[in-house]
Amino acid sequence: MKKKNGKQIWRDIGWIAREVNSTANREWRDEHLGDNRFIYVIRVLEHPGIGMQELATAIGVDRTTAFRAISKLVADGYLEKRDHPTQSRLKVLYPTAKSEGLKDRLFRFESDTFDAYLSNLSDTDVQTLKQLLERVRLTQLTQADDEKNVK
């Protein structure tokens, strides 16, 4: 298979990701949701009762990174850990009233930010970009799973 050089694509994706994170961290600093902790709160608001490992996977971080962020969010009153309903060793996460109070603002921020970055693309362009990124992500997830199975 011919090797493809997508260096500039990855640099652009990285730049966009850093820019979005920088903007978000400034926006949420006063709420102590900087360092991308706002992402955890959004996901738990979207999926109350989500497992800690499932949340880490959804965000794309390792368990240790997720555990540290979750611990801070619990300590700051944004998330609540509860026992898993059927597996007592596992914990699941729920938003607190403090998170629920920011829900509309968090979702609006996320939506407005992404809309701004995609504003010069047609609906068809956005759909194509979504499909292409999903394919890249699936390829990487498949390769990561294959590497885990080899070890």
Side-chain angles (χ1 to χ4, degrees), residues 1-79 81 91-96 98-151:
M1 181 162 93
K2 182 180 175 189
K3 189 172 181 176
K4 299 175 176 100
N5 187 349
K7 181 170 46 175
Q8 190 57 47
I9 292 169
W10 294 116
R11 287 178 177 177
D12 289 345
I13 289 172
W15 181 89
I16 292 165
R18 285 187 299 279
E19 190 66 25
V20 169
N21 285 337
S22 177
T23 300
N25 287 333
R26 278 191 308 275
E27 174 73 19
W28 299 107
R29 184 179 305 131
D30 292 343
E31 304 291 344
H32 303 285
L33 291 175
D35 296 328
N36 301 316
R37 286 193 290 270
F38 70 97
I39 296 170
Y40 293 82
V41 174
I42 288 172
R43 294 300 175 272
V44 173
L45 284 164
E46 291 172 335
H47 305 284
I50 190 170
M52 291 174 61
Q53 179 62 49
E54 187 180 359
L55 179 59
T57 301
I59 293 174
V61 298
D62 61 85
R63 289 187 329 206
T64 303
T65 301
F67 182 78
R68 276 193 301 254
I70 290 165
S71 294
K72 289 178 183 178
L73 290 166
V74 169
D76 287 344
Y78 286 103
L79 298 180
K81 283 186 197 177
K91 298 290 184 190
V92 292
L93 301 166
Y94 286 89
T96 62
K98 189 173 184 178
S99 300
E100 290 287 349
L102 290 175
K103 183 176 184 175
D104 291 341
R105 190 172 148 216
L106 281 161
F107 287 178
R108 186 173 49 254
F109 172 80
E110 186 179 48
S111 179
D112 290 351
T113 300
F114 297 147
D115 286 349
Y117 277 85
L118 300 173
S119 64
N120 288 329
L121 299 179
S122 69
D123 289 345
T124 302
D125 290 340
V126 170
Q127 190 61 29
T128 300
L129 179 61
K130 180 180 179 216
Q131 290 169 347
L132 291 171
L133 290 173
E134 284 173 357
R135 284 174 47 194
V136 170
R137 181 181 169 133
L138 180 59
T139 299
Q140 181 54 37
L141 288 173
T142 302
Q143 289 173 352
D145 284 345
D146 290 346
E147 288 174 12
K148 286 178 190 173
N149 291 333
V150 170
K151 292 181 180 178

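No experiment lies behind these values; they were computed from the predicted model shown. Just the heavy atoms: all of them, side chains too, but no hydrogens, waters or symmetry mates, feed the values below. In what follows, residues are counted from 1 in the order of the sequence shown.
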Just so I know, are the side chains of [X] and [Y] near enough to count as touching, which here means a heavy-atom distance under 4.5 Å?
X: Val92; Y: Ile50; value: no
X: Ile13; Y: Leu133; value: yes
X: Phe114; Y: Val20; value: yes
X: Leu132; Y: Val136; value: no
X: Tyr117; Y: Asp112; value: no

Among side-chain atoms of [X] and [Y], is any donor-acceptor pair under 3.5 angstrom?
X: Thr57; Y: Gln53; result: yes
X: Asp123; Y: Gln127; result: no
X: Ser22; Y: Arg18; result: no
X: Asp125; Y: Ser122; result: yes

(message) Please evaluate residues Asn21 and Ile39 with respect to the criterion side chain to side chain contact (heavy atoms under 4.5 Å, CB included), reporting the C-alpha separation (whole Å), side-chain torsions for both, the decisive distance (0.1 Å), and the verdict.
(response) CA-CA 10 Å; Asn21 285 337; Ile39 296 170; 4.3 Å; yes
For a quick test of reading the model, state the closest non-hydrogen atom pair linking [X] to [Y] and the distance between them.
X: Ser71; Y: Lys81; answer: OG-NZ, 4.5 Å
X: Asp62; Y: Ala56; answer: O-CB, 4.2 Å
X: Ala116; Y: Ser119; answer: O-OG, 3.0 Å
X: Ala66; Y: Tyr40; answer: CA-OH, 3.7 Å

If you round to the nearest 0.5 Å, how far is [atom2] of [Y] from [atom1] of [X]?
X: Ile42; Y: Lys103; atom1: CD1; atom2: NZ; value: 11.5 Å
X: Leu45; Y: Leu93; atom1: CG; atom2: CG; value: 11.5 Å
X: His32; Y: Leu73; atom1: NE2; atom2: CG; value: 11.5 Å
X: Ile70; Y: Arg63; atom1: CD1; atom2: CZ; value: 11.5 Å
X: Leu118; Y: Lys130; atom1: CG; atom2: NZ; value: 12.0 Å
X: Arg108; Y: Leu102; atom1: CZ; atom2: CG; value: 10.5 Å

(request) Go through the steps for Arg105 and Glu27 under the test salt bridge (charged side-chain N to carboxylate O under 4.0 Å, His left out), then give the verdict. (result) CA-CA 11 Å; Arg105 190 172 148 216; Glu27 174 73 19; 3.4 Å; yes
(request) Look at Lys98 together with Glu31 and state whether they make a salt bridge at an N to O cut-off of under 4.0 Å. (result) no
(message) Between Glu46 and Arg43, does any side-chain N to carboxylate O distance fall below 4.0 Å?
(response)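 The answer is yes: the pair qualifies as a salt bridge.
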Where the side chain of [X] meets the backbone of [Y], is there a donor-acceptor pair that is under 3.5 Å apart?
X: Asn25; Y: Asn36; result: yes
X: Thr96; Y: Tyr78; result: yes
X: Thr65; Y: Val61; result: no

(message) Can you tell me if Leu121 has over 12 outside heavy atoms packed within less than 6.0 Å of its CG?
(response)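 Counting other residues, nucleotides and ligands, CG of Leu121 exceeds 12 neighbours.
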(request) Please work out which of the three classes, parallel, tilted or perpendicular, describes the rings of Trp28 and Phe38, given edges at 30° and 60°. (result) parallel
